[in-house]
Amino acid sequence: MNRADTIVCEAIASMRLLIVVYGGATRLVQPHVYGDDHSGARMLSAYQLSGGSTSGASTGWKSFRMDRVASVALSEERFHAPRPEFQHDDGAFARILCQLG
């Protein structure tokens with residue numbers, strides 16, 4: 001696993017928020033699923049709590065292509081449970097590296 005893989009999986013395991021710089025904007029997200037989609041791209045499925053957005057929606061479910069992430073860092077802030085609408089073993093992923101339990 002590379003450094004980003006380690007950071008994201010640590011955040012998921014410890015239920016810590018991530019600070020993600022994506023599309024020129026800094027975003028605060030709750031990571032839920034991390035792995036590869038069916039085309040082989042490394043992806044993060046997360047619920048964005050705040051920050052910028054190219055779609056105009058600053059909160060909500062987002063999929064982040066990791067090859068487009070400028071930086072990712074652990075926040076000290078934690079969350080306590082998956083979002084109620086979270087789907088375990090998301091079919092959008094061909095291979096899951098880590099996910100919330």
Checklist entry - Is the closest side-chain heavy-atom distance between Asp5 and Leu97 below 4.5 Å? => result yes

Checklist entry - Between Arg16 and Glu76, does at least one N-O distance fall below 4.0 Å, as a salt bridge requires? => result yes

Next on the checklist: Looking only at the side chains, is there a donor atom on one of Trp61 and Glu85 sitting less than 3.5 Å from an acceptor on the other?
Outcome noted: yes

Checklist entry - Side-chain contact, heavy-atom cut-off 4.5 Å: Thr59 with Leu49? => result no

Checklist entry - Quick one: salt bridge (Lys or Arg N to Asp or Glu O under 4.0 Å) partners of Asp36, sequence neighbours excluded? => result Arg42, Arg95

Next on the checklist: I'd like to check Phe64 versus Val72 (side-chain heavy atoms, cut-off strictly below 4.5 Å). Are they in contact?
Outcome noted: no

Checklist entry - When rounded to the nearest 0.5 angstrom, what distance separates CZ in Phe79 from OG in Ser14? => result 8.0 Å

Item to check | Whether Gln99 side chain and Asp89 backbone form a donor-acceptor pair below 3.5 Å | outcome: yes

Item to check | Test item: Phe93 and Asp37 side chains (from C-beta on) under 4.5 Å apart, heavy atoms | outcome: no

Item to check | Minimum-distance pair of heavy atoms, taken over all atoms of Ala57 and Gln48 | outcome: O-NE2, 4.4 Å

Next on the checklist: So Leu18 and Ser75, do their side chains get closer than 4.5 Å, heavy atoms only?
Outcome noted: no

Checklist outcome for this item: So CG of Leu28 and OH of Tyr47: to nearest 0.5 Å the spacing works out to 12.0 Å

Next on the checklist: Between Ile19 and Thr26, is there a side-chain heavy-atom distance shorter than 4.5 Å?
Outcome noted: yes

Checklist outcome for this item: Rounding to 0.5 Å, atoms CG (Asp90) and CE (Met43) come to a distance of 10.0 Å

Item to check | Check: Pro82 and Met15 side chains under 4.5 Å, non-hydrogen atoms | outcome: yes

Checklist entry - Sequence neighbours excluded, which residues qualify as side chain to side chain donor-acceptor pair (under 3.5 Å) partners of Ser53? => result Ser55, Lys62

